[in-house]
Amino acid sequence: MLKILLSGACGRMGRQVAALAAENGAVIVAGVDVHPDAGCAFPVYPSFSMVQEEADAIIDFSRPEGLPALLEYALSHHLPAVLAATGYQEKELQLIGAAAKEIAIFRSANMSLGVYVLQSLARQAARLLPDFDIEIVEKHHNQKVDAPSGTALMLYDAVKNAQSQPVFGRHTRTEKREKPEIGIHAVRGGTVPGEHEVGFYGPCETVLLTHSAQDRSIFARGALKAAAFVATQDAGEYDMTALADHMLAGK
C-alpha cells in the first residue's frame with residue numbers, strides 16, 4: 001500500500017483523507033498538525049522535524065504558512081508531495097517551483113475531478129462564446145478563510161483572455177459593466193462544502209456551467225489519487241490535467 005505522511009492531519013480534510021485511505025490503496029503512517037489530536041489512529045506530530053516514519057508521499061491539507069517546513073522535509077527525504085492548500089501567494093509559488101526541480105509536486109486549488117471537468121468545459125465555452133459576458137460565483141462554508149476561493153481563481157484563469165479584467169464583486173461601482181470584465185463573487189455561509197458556477201451571458205441566451213460538492217470526501221479521494229500518481233513521477237510540477245491525461249491513457 002502507498003504510505004502517506006498527512007499534513008494537516010487533524011483538520012476536516014485531513015480526517016477525510018485518513019478515513020478513505022485504506023479503500024484507496026493507501027495507509028497513513030503519520031501525521032503533522034500544529035494541534036495534534038491523540039485520538040488519531042496514527043502518530044501525529046506538531047512539526048515535521050519530529051517525524052520518524054517512512055513514507056512514499058506527502059498529502060498536505062494545511063495552511064500556506066506551513067509550506068516552507070513541509071518543502072524542507074520533502075526535499076531532505078526526497079518525497080513527492082500533493083499540495084491541496086489554497087491561498088498561496090507569489091512567494092509560496094516560487095518556493096514550490098524551486099522545489100519541483102528536485103522532487104515531484106502535485107498542486108491544485110481543487111482536488112475534485114468533477115471541478116477539473118468544469119474547468120475544461122468553461123475554457124472551451126469561453127473560446128466558442130467570445131462575445132458573451134462571463135461571471136463566476138463561488139459558495140463555501142462560513143469557516144473558509146480565503147476569498148475568492150482558489151477554485152474560482154482557477155476558473156478565471158481558464159476563461160480569461162489578454163484583455164480580461166477581474167472584478168471582485170461590484171460594491172461601490174456605479175458605472176455599467178465594461179466588456180473585458182469577468183466578475184468573481186464569493187458567498188460564505190453555513191456548511192456548504194463548495195459550489196462553483198461559471199455563467200456565460202449573451203444576447204437572448206445564457207449558458208451556466210456548475211459544480212456542486214455534496215461532501216468533502218470528493219476532495220480527499222482526489223488527493224489520494226493524486227498521491228498515487230505523483231509517487232511514480234519524476235521531479236516537476238503536476239496538476240489535475242496531468243492526472244486526467246494519466247487516467248485517460250489507462251495507466
- request: Please check if atom NZ in K91 has more than 12 non-hydrogen atoms from other residues, nucleotides or ligands closer than 6.0 Å.
  value: no
query: Does L67 reach the side chain of L83, with side-chain heavy atoms less than 4.5 Å apart?
result: yes
- request: Would you mind telling me which of I4, I59, L5 makes a side chain to side chain contact (heavy atoms under 4.5 Å, CB included) with I28?
  value: I4
message: Could you check whether any side-chain heavy atom of L224 comes within less than 4.5 Å of a side-chain heavy atom of V17, counting everything from C-beta outward?
response: yes
- prompt: Given side chains that start at C-beta, do those of R63 and V145 come closer than 4.5 Å, heavy atoms only?
  reply: yes
query: CD of E72: more than 12 outside heavy atoms within 6.0 angstrom?
result: no
task: Would you indicate whether the side-chain heavy atoms of F219 and Q16 approach each other to under 4.5 Å?
output: no
message: salt bridge (charged side-chain N to carboxylate O under 4.0 Å, His left out) for K144 and E138? Distances and angles first, verdict last.
response: CA-CA 12 Å; K144 187 170 178 61; E138 57 97 347; over 6 Å; no
- prompt: Under 3.5 Å, is there a donor-acceptor pair linking the side chains of S49 and S47?
  reply: yes
query: Less than 4.5 Å apart, any side-chain heavy atom of V82 and any of M111?
result: yes
query: Taking C-beta and beyond as the side chain, do F42 and V29 meet within less than 4.5 Å on heavy atoms?
result: no
message: Using side-chain heavy atoms (C-beta onward) and a distance below 4.5 Å, is M247 in contact with L243?
response: yes
Pairing of K176 and E181 as salt bridge, 4.0 angstrom limit: no
message: With a sphere of 6.0 Å drawn around CD of E54, does it hold more than 12 non-hydrogen atoms of other residues, nucleotides or ligands?
response: no
- line: Here the pair of heavy atoms bringing A9 nearest to G31 is CB-CA, 3.9 Å
message: Using side-chain heavy atoms (C-beta onward) and a distance below 4.5 Å, is D37 in contact with V44?
response: no
field: Identified side chain to side chain contact (heavy atoms under 4.5 Å, CB included) counterpart of P148 within the set V137, I184, L155
entry: I184
query: Parallel, tilted or perpendicular: which fits the ring planes of H140 and H196, with parallel below 30° and perpendicular above 60°?
result: perpendicular
query: Going by an N to O cut-off under 4.0 Å, is there a salt bridge joining R107 and E92?
result: no
